[in-house]
Amino acid sequence: MPTNVAPSLRAVALLSPPYATLTYAVPPWLPPQAWRRGTRVAVPLGNGAVRVGVLLDDESHAAANGGPNGGPNGGADGRALPEGVVPRPMLWPLEREPLLNAGYLDMVRQLALRQAVNEGQILGNFLPVGLRTTQVRLRFFEDGRARTLKFRDLVPLADRDPTALHRLGQAWMDGRGEVLDKAEDAADAELCSVSADPPWPVRPSAVRQVQLLEYLWDKGSASRRAVLRDLGAASATALEGLLKRGLVTVTRREVGECACDEAAEGEGPACLYGPSGAAPDAPFELNAAQRTALDDFLAALDGPRAEHRLLYGVTGSGKTAVYLDLARACLARGRSVMLLAPEVALACKLRHDVNERLPGAPLFFFHGYQGPAQRERTFRALAVRREPCLVVGTRSALFLPAPDLGVVVLDEEHDTSFKQDEGLAYQAKEVAWFRVGQGAGLLVLGSATPDVKTFHAMREGRLPMAALPDRAGGGTLPGVELVDIKDLSSTDSVLAAQSGAALRETVERGEQAVILLNRRGYAPLMYCLDCGSVARCPHCDIGLTYHKGRERLVCHYCGHSVPYPATCPNCKCMHYLPMGEGTEKLEETLAAHLPAGGKVLRLDRDSTRRPGRMEEILAAFARREAQVLVGTQMLSKGHHFPDVTLAVVADGDLGLNLPDYRAAERTFQLLVQSAGRAGRGEKPGRVLIQTRDPSHYCWNFVRTADYEGFYTHEIAIRQRRRYPPFVRL
């Protein structure tokens, strides 16, 4: 390169620690048009290391005679380079066309400013792992032969053989070069998962087999390579032994994919989970209230600026039908749609509803429990797509590059899952509002029990609302009764006599029931009878929960676990008394309340760890293979089972008196949503809420599902005590 030509400079955001934005020079072996904003690039860092970054600008800044600051050493970020610093050249682009468009990078920049972090940290958290790795190769075709290089091979070439790089650059510009994805070998492709729920028929002395089963149980699934890396090469023998016994299976199926994914790709049976779990619902027309809401949404969508709406409707009022008709109309206008749910189970239900009501729609399904390869394929497909599409998923789907986004729907908008607190924190509502604002779109927040802050914004005139006051199809809300359990001892069953009798009567009539206990495991506390202490986590100092199936004491905060039976760390004795009751114990003890032949299913994080197990449980209950479904808050929202006529909340006080100003709000939301699972068909429903404090003001509003009455009472307390939305915390 002639010495009198100054190199162009670019700002590159690194996608791995230190996540810095660094200035690099455009190399002489590729022209400037090969380096465009939004393109992933391989760059050198340190001695011989290669990292992936994203180009943040399209501007060419001269490093001499006219830098952005007018000085001799201008940096790509507008700052002067230190005297004597010569930027290193970038190595190679990882795609011919930019992966990320200008709107996506603007969103990243605003979120980085909001969180006071570098843009690389935002991208490094939300791009699929396969888009952040340099474990890829370059292949060039020269003289009828293929030559393959790893990116680290380019570093010495840049220093010692620029002529070779110029030749490769010419081949790239002529279309004779390509980037190959990371080679997948058998160890990466083989995914291991536990094939049976605990307890497992393994001797306690088989330490490696027990360790391997616990590892896979916590992970859900893991590649054979990951197992050998994390547990050591000696675990290979244990793995082979478990494979022969059928306790572990190996498959090429993507980790964590919903069973629906396989059906969509023609690799498995059709998904059985749906609104009714059996035959698809018959087509129906929107009622007057639904039509009014839809017309308002379409008028807002066709307006000149971004709009937002609250869809406030009682449980079973048909909010999903409005979402789907809105999605159909938006797609017809040539714009994309996102339908987001707070949990994977609800996202699976939304996907099924889309397939039933909008057959043939260009649908993409995305959530954080899918395998990395599946997430990467979805991201790449949307990055190059120009036609409108429909995205269904959880909050992480907000960061997919869907083209021309017109509508974003956050169903169950009150749910705390829409706010991420771990790792990189963000509020999905803020990100969604920014995304629809980029294209004058529409944000719809739907709930039967909206967030108090959301409803306050509506009352203040900042958020227009559409209401669905009645259940679709003429159904009525179930009657709610309080069951006083303050005289129930800790050794009694968690269900009072009245609740047990109602459960038996329901099953004898051939109907179904759901029981909510928002506490998983067998017993939440293990009390030592010899010294009076409670088994605690050595890291978190909170009580360990007994999981009988796994025969372990588990910390629900950090995941630390120890085998049980175990010695008390204080007195070295082994006389423990399980205190309290979780979903695992409730499932076990319900047999005494059911008639002969009654069956119970459990839906919580423990029972759904195996891939596809969540869908199996929901489908089995929908097919009436069990009369009772026990679970945590996973079953409190969105599910539609017409034969459920009884809902029992086993411990309504759980969470009501937590030291949190939102405790009453969250309890009200959880219980009203749980009550909404009953009476969704033609038969009337009944709800029993067990409480030790029947006089609490919350119950007066839960009984009648009176959200507006609860809001009026709650907002007065918050204003008096200076809590949000009257202050910012």
Side-chain angles (χ1 to χ4, degrees), residues 194 196-201 217 277 345 483 485 488 490-508 511-526 544-554 556 564 578-610 612-636 639 641 643-652 654 670 674 677-678 687-690:
V194 178
D197 292 339
W200 301 294
W217 187 252
V483 179
I485 58 169
L488 205 66
S490 59
T491 58
D492 294 334
S493 168
V494 71
L495 291 185
Q498 179 181 344
S499 302
L503 183 62
R504 284 192 299 273
E505 293 169 4
T506 299
V507 174
E508 288 170 353
E511 299 164 358
Q512 292 179 297
V514 295
I515 303 179
L516 174 76
L517 179 59
N518 205 18
R519 186 168 54 214
R520 61 190 177 95
Y522 191 85
L525 291 175
M526 295 297 282
L544 295 175
T545 299
Y546 175 41
H547 288 249
K548 187 176 182 180
R550 295 174 62 183
E551 297 179 331
R552 298 186 79 83
L553 303 180
V554 181
H556 285 178
Y564 181 84
M579 300 286 288
E581 192 160 345
T583 51
E584 191 177 356
K585 186 177 180 181
L586 178 57
E587 178 190 23
E588 177 183 283
T589 57
L590 274 179
H593 293 279
L594 299 182
K599 185 177 179 182
V600 181
L601 289 172
R602 174 165 54 94
L603 185 75
D604 57 22
R605 192 186 304 176
D606 299 309
S607 66
T608 57
R609 287 185 185 272
R610 289 194 286 124
R613 182 60 180 151
M614 177 190 303
E615 293 78 25
E616 293 173 8
I617 293 171
L618 291 170
F621 187 66
R623 293 193 302 266
R624 299 179 55 84
E625 294 177 10
Q627 293 73 42
V628 181
L629 180 62
V630 174
T632 56
Q633 63 180 3
M634 292 175 67
L635 63 75
S636 65
H639 306 298
F641 300 111
D643 290 319
V644 170
T645 59
L646 176 67
V648 179
V649 179
D651 193 345
L654 194 62
L670 177 64
S674 301
R677 299 317 104 204
V687 180
L688 300 179
I689 298 177
Q690 299 190 157

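- Contact of the Met579 side chain with the Met526 side chain is not registered, since no non-hydrogen atoms from C-beta on lie closer than 4.5 Å.
- In this model, a donor atom of one side chain and an acceptor atom of the other lie less than 3.5 Å apart for Asp604 and Thr583.
- Closest heavy-atom contact between Pro578 and Ala523: CB-CB, 3.6 Å.
- Put simply, the side chain of Leu495 reaches to within 4.5 Å of the side chain of Val648, judged on heavy atoms.
- The pair Arg613-Glu616 counts as a salt bridge, with a side-chain nitrogen and a carboxylate oxygen less than 4.0 angstrom apart.
- Put simply, CG on Leu594 and OG1 on Thr506 are 10.0 Å apart, with the number rounded to the nearest 0.5 Å.
- Leu670 has its side chain out of reach of Val649: every pair of non-hydrogen atoms, C-beta onward, lies at least 4.5 Å apart.
- Between Ser607 and Ile617, the closest side-chain pair of non-hydrogen atoms falls below 4.5 Å.
- Contact record, Gly652 with Ile689: CA-CG2, 4.2 Å, taken as the closest heavy-atom pair.
- When atom types are taken as modelled, the side chain of Gln627 and the backbone of Val507 share no donor-acceptor pair closer than 3.5 angstrom.
- Side-chain contact between Leu646 and Leu503: present, with at least one pair of heavy atoms (C-beta onward) separated by less than 4.5 Å.
- Glu587 has a carboxylate O that lies under 4.0 Å from a charged side-chain N of Arg602, or vice versa, which qualifies the two as a salt bridge.
- Taking 4.5 Å as the limit, some side-chain heavy atom of Gln498 sits within range of a side-chain heavy atom of Leu688.
- We find the CD1-CG distance between Ile515 and Leu590 to be 4.5 Å, quoted to the nearest 0.5 Å.
- Residues Glu581 and Arg519 are not paired through a salt bridge, judged by the lack of any N-O separation under 4.0 Å between the basic side chain and the carboxylate.
- Closest heavy-atom contact between Gly521 and His547: CA-CE1, 3.7 Å.
- With hydrogens and angles ignored, the 3.5 Å screen pairs no side-chain donor or acceptor of Asp643 with any backbone N or O of Glu511.
- The minimum heavy-atom distance between Ala196 and Trp217, with the atom names listed, is O-CZ3, 4.2 Å.
- Remark: the Glu584 side chain and the Tyr546 side chain contain no N/O donor-acceptor pair separated by less than 3.5 Å.
- Rounding to the nearest 0.5 Å gives a distance of 10.5 Å between CZ of Arg605 and CE of Met614.
- Among all heavy-atom pairs drawn from Ala650 and Ile485, the shortest one is O-CD1, 4.1 Å.
- Note: Leu601 CG to Leu603 CG = 9.0 Å, rounded to the nearest 0.5 Å.
- Separation of atoms OH (Tyr522) and OG1 (Thr545) is listed at 13.5 Å; rounding is to 0.5 Å.
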Walk me through whether Leu544 and Tyr564 qualify under side-chain contact (heavy atoms from CB on, under 4.5 Å).
CA-CA 11 Å; Leu544 295 175; Tyr564 181 84; over 6 Å; no
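- If you take CG on Leu517 and OG1 on Thr632, they are separated by 9.0 Å, rounding to the nearest 0.5 Å.
- In this structure, Gln512 contributes its side chain and Phe621 its backbone to a donor-acceptor pair below 3.5 Å.
- Residues Gly580 and Pro524 come closest through the heavy atom pair C-CD, 3.6 Å.
- Looking at Gln690 and Ser499, their side chains do bring a donor and an acceptor atom within 3.5 Å of each other.
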